[in-house]
Amino acid sequence: MMAAAIAGGITMASCTSSDSGSGPSLPYRDNTPVDYTIMFYSAGGENLDKETENDLLKAAKALQAVDKQVRFMVQYKYSTQEGINKSYSGGDDVPCGVAGGLYRFELLPSHISQHGVLDYFKNDMLYGNQQSASQIYRADSITSFINYCQRNAPAKNYILMFSDHGSGYAVWDDFPKTRGIVSDKFHKGTPDISVCDIRTAIENSNMKHVKMINFDACLMNTLEVISEVADVTDYVMASSHISNGGNYTELVNYLRGVNDDAAFEKNMSDYLNGTIQGIYNTIIEGDENSKYAPNTPKRCDWTLTNTAKFKAGVPSAMKAFTDKLISEYNAGNFTDPSALQYAAENCYQPAVGTSLYDMGQYATFLVKANQNLAAEAKTLKDAMEHAQVCHYYTNKVKEDLTNMVYNKLTYTVNLGAKVTTPSGDRVVLRMTTPNDDEEVQCIDSNGFSFYFDVNTETWREGPANEKIENASWDNTYRTTLFDKATGWSKWIEKNPYFPSMNPPFTCQ
């Protein structure tokens with residue numbers, strides 16, 4: 001990592017300064033604390049600039065009705081020009097900002113022009129002097145923005161929102177910290193933010209703690225992610241599936257007049273229910289060229305987690321289940337190998353090609369393989385469900401779950417296996433899908449990569465000594481708060497069945 005930023009109140013030229021809230025004051029608003037300040041931290045992700053502008057327009061419209069109750073602060077970095085070209089068709093359809101531009105400002109109703117579109121991302125909103133080279137994936141960049149929001153938009157409650165691409169917690173490009181959210185293509189090899197750095201950024205800020213972290217991105221509702229940030233936020237909003245964002249107008253509106261936890265939980269639950277019913281159940285995916293059948297309804301879910309309840313029950317229950325699972329396996333009490341294989345191959349997978357599987361589903365199938373796990377599995381599933389204020393699914397997910405023994409979703413978790421490859425036994429997590437899901441690049445616990453053919457279910461080696469520096473589990477997965485608390489990686493090292501044929505994509 002780069003050298004630590006200069007301490008104290010000195011402002012560095014870069015946006016990566018760990019400052020105390022640099023940036024101009026906002027003279028058009030007084031500093032009387034409002035009920036909620038939303039802190040929106042995002043990048044274009046190479047194909048999302050237009051969608052982000054539309055989201056902010058929706059938020060600006062809602063802000064007209066919630067003056068002195070909700071404020072909306074923005075730090076946004078545009079994609080490369082190539083990425084912008086993917087979002088806009090040209091002609092009058094052009095971005096508000098410039099490629100690589102880093103903007104920091106307060107979103108206001110006055111940013112809506114007389115033509116009903118956003119009139120913002122002006123030169124005076126550019127932040128720092130590095131622009132495209134700015135390293136927004138660094139923890140001190142996030143800390144700087146949090147401090148800026150606290151100084152310029154004080155509130156009784158703060159919501160930190162990360163909006164862009166997400167990949168949960170996965171072995172990814174940059175080590176020792178894996179990076180899974182907010183993609184910035186100006187930095188090859190380290191484009192995304194580490195969930196570990198999100199926790200560090202909040203801890204190092206003047207704020208120390210936020211009301212809610214809203215992961216408006218794909219695949220973030222994982223046990224690893226929630227565990228990593230549970231100490232620095234009261235709530236986490238996230239999806240286990242490939243998501244299409246939310247309705248920012250309704251999000252802002254649902255914060256109006258919310259003054260206690262009970263009202264907050266109710267309104268955020270209503271917001272997520274409306275998002276599923278009003279947006280996701282109307283989305284149709286798939287065509288003849290995709291992995292989906294033509295006209296397939298959208299698969300998605302959204303969860304609101306109470307982190308106090310999560311911390312009180314989930315880590316200890318997960319550890320007890322993991323310890324019991326390993327003990328039973330070591331004792332040879334899984335007498336039917338096909339039942340253990342069935343568990344790996346039939347637990348719910350929200351997105352093909354990822355290493356993420358629903359823990360509640362997996363635990364249920366493991367109990368079918370070994371009834372000695374029943375008590376620990378029930379305690380774990382109860383703890384996960386208790387931590388969830390709400391969990392809404394689209395109709396397609398409900399349909400997928402109808403005939404399954406455990407017809408609910410909990411949190412996803414990384415699931416790998418000890419597999420036999422041409423060079424011998426190796427412990428693997430699924431990593432990437434470079435060839436349209438036909439071949440998956442994997443990385444073993446020592447940092448070496450090799451490949452799995454999805455169609456033939458066979459392994460092949462990569463180039464000789466193809467090792468990703470510092471990618472061993474000791475430098476990655478075992479550094480997570482989740483694995484430290486539960487020892488889950490110890491089961492992955494024992495698990496003999498790679499989860500290669502999971503629903504909802506290939507199993508009925």
Side-chain angles (χ1 to χ4, degrees), residues 170 223 240 318 321-374 376-378 380-381 400-431 433 437-445 450-460 477 486-508:
L223 285 171
S240 300
M318 185 70 184
F321 179 80
T322 303
D323 289 347
K324 182 69 171 178
L325 176 59
I326 292 172
S327 174
E328 289 294 309
Y329 184 79
N330 289 341
N333 291 336
F334 286 93
T335 56
D336 181 2
S338 65
L340 193 58
Q341 181 178 5
Y342 188 85
E345 293 187 346
N346 286 276
C347 56
Y348 188 92
Q349 182 188 26
V352 70
T354 71
S355 59
L356 302 172
Y357 301 85
D358 188 80
M359 187 61 220
Q361 288 285 337
Y362 187 50
T364 298
F365 287 124
L366 287 174
V367 170
K368 291 186 68 176
N370 184 339
Q371 283 294 319
N372 293 338
L373 297 169
E376 288 81 5
K378 183 179 186 308
L380 173 59
K381 289 187 286 187
D400 292 334
L401 295 172
T402 297
N403 296 321
M404 301 186 85
V405 175
Y406 185 71
N407 59 2
K408 302 177 183 178
L409 298 183
T410 53
Y411 299 96
T412 57
V413 69
N414 277 268
L415 181 60
K418 183 178 181 179
V419 299
T420 300
T421 73
S423 64
D425 289 344
R426 300 166 81 165
V427 180
V428 59
L429 285 181
R430 187 173 290 186
M431 187 178 176
T433 54
D437 304 328
E438 294 177 359
E439 189 173 64
V440 180
Q441 182 186 11
C442 301
I443 185 167
D444 71 12
S445 56
F450 56 111
Y451 298 85
F452 175 73
D453 189 303
V454 174
N455 294 322
T456 63
E457 297 190 46
T458 57
W459 304 92
R460 74 169 178 86
Y477 196 77
T486 67
W488 183 243
S489 62
K490 296 177 183 178
W491 169 246
I492 297 177
E493 291 178 319
K494 299 278 187 181
N495 176 24
Y497 295 106
F498 189 68
S500 59
M501 294 292 291
N502 292 77
F505 301 99
T506 56
C507 295
Q508 299 301 320

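The residues of the chain are indexed from 1 along the displayed sequence.
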Contacts of type side-chain contact (heavy atoms from CB on, under 4.5 Å), residue Lys324, not counting sequence neighbours: Glu328, Asn372, Leu373, Glu376
Gap separating the CG atom of Asn495 from the OH atom of Tyr329, nearest 0.5 angstrom: 8.0 Å
Point-to-point distance, once rounded to the nearest 0.5 Å, from CG of Asn407 to CG of Asp400: 12.0 Å
Exercise: identify the closest heavy-atom pair between Ala417 and Pro496: CB-C, 4.4 Å
Shortest non-hydrogen contact from Ser240 toward Pro350: O-CB, 3.0 Å
Gap between atom CG of Asn370 and atom CG of Asp336 - 0.5 Å precision: 11.0 Å
Note, Met404 side chain near Phe365 side chain (heavy atom, < 4.5 Å): yes
Side-chain touch Leu356/Val413, heavy atoms, less than 4.5 angstrom: no
Validation row: Trp488, Tyr477 side chains within 4.5 angstrom (heavy atoms): yes
Option among Leu223, Leu415, Thr364, Leu409 that satisfies the side chain to side chain contact (heavy atoms under 4.5 Å, CB included) test with Met359: Leu223
Pairs involving residues 492-503, ordered by first then second residue, that meet salt bridge (charged side-chain N to carboxylate O under 4.0 Å, His left out) (sequence neighbours left out): Arg478-Glu493
Evaluation steps, side chain to side chain contact (heavy atoms under 4.5 Å, CB included), between Gln361 and Leu401: CA-CA 10 Å; Gln361 288 285 337; Leu401 295 172; 3.6 Å; yes
Residues Phe498, Trp459; criterion ring-ring contact (aromatic ring centres under 6.0 Å, His included); working and verdict: CA-CA 11 Å; Phe498 189 68; Trp459 304 92; 5.1 Å; yes
Value rounded to 0.5 Å, distance of CZ in Phe452 from CD in Gln441: 14.5 Å
Contacts of type side-chain contact (heavy atoms from CB on, under 4.5 Å), residue Ser445, not counting sequence neighbours: Val427, Trp473
Polar side chain donor-acceptor pair, Thr412 to Asp358, under 3.5 angstrom: no
Gln371 side, atom CD; Leu366 side, atom CG - distance, nearest 0.5 Å: 11.5 Å
Test side chain to side chain contact (heavy atoms under 4.5 Å, CB included) applied to Val428 and Ile443, step by step: CA-CA 6 Å; Val428 59; Ile443 185 167; over 6 Å; no
Asn414 and Ser355 side chains, donor-acceptor separation under 3.5 Å: yes
Asn346 side chain vs Tyr342 backbone, donor-acceptor pair below 3.5 Å: yes
Gap between atom CZ of Phe321 and atom OH of Tyr362 - 0.5 Å precision: 7.5 Å
Non-hydrogen atoms of Arg426 and Thr421 that approach each other most closely: CD-OG1, 3.3 Å
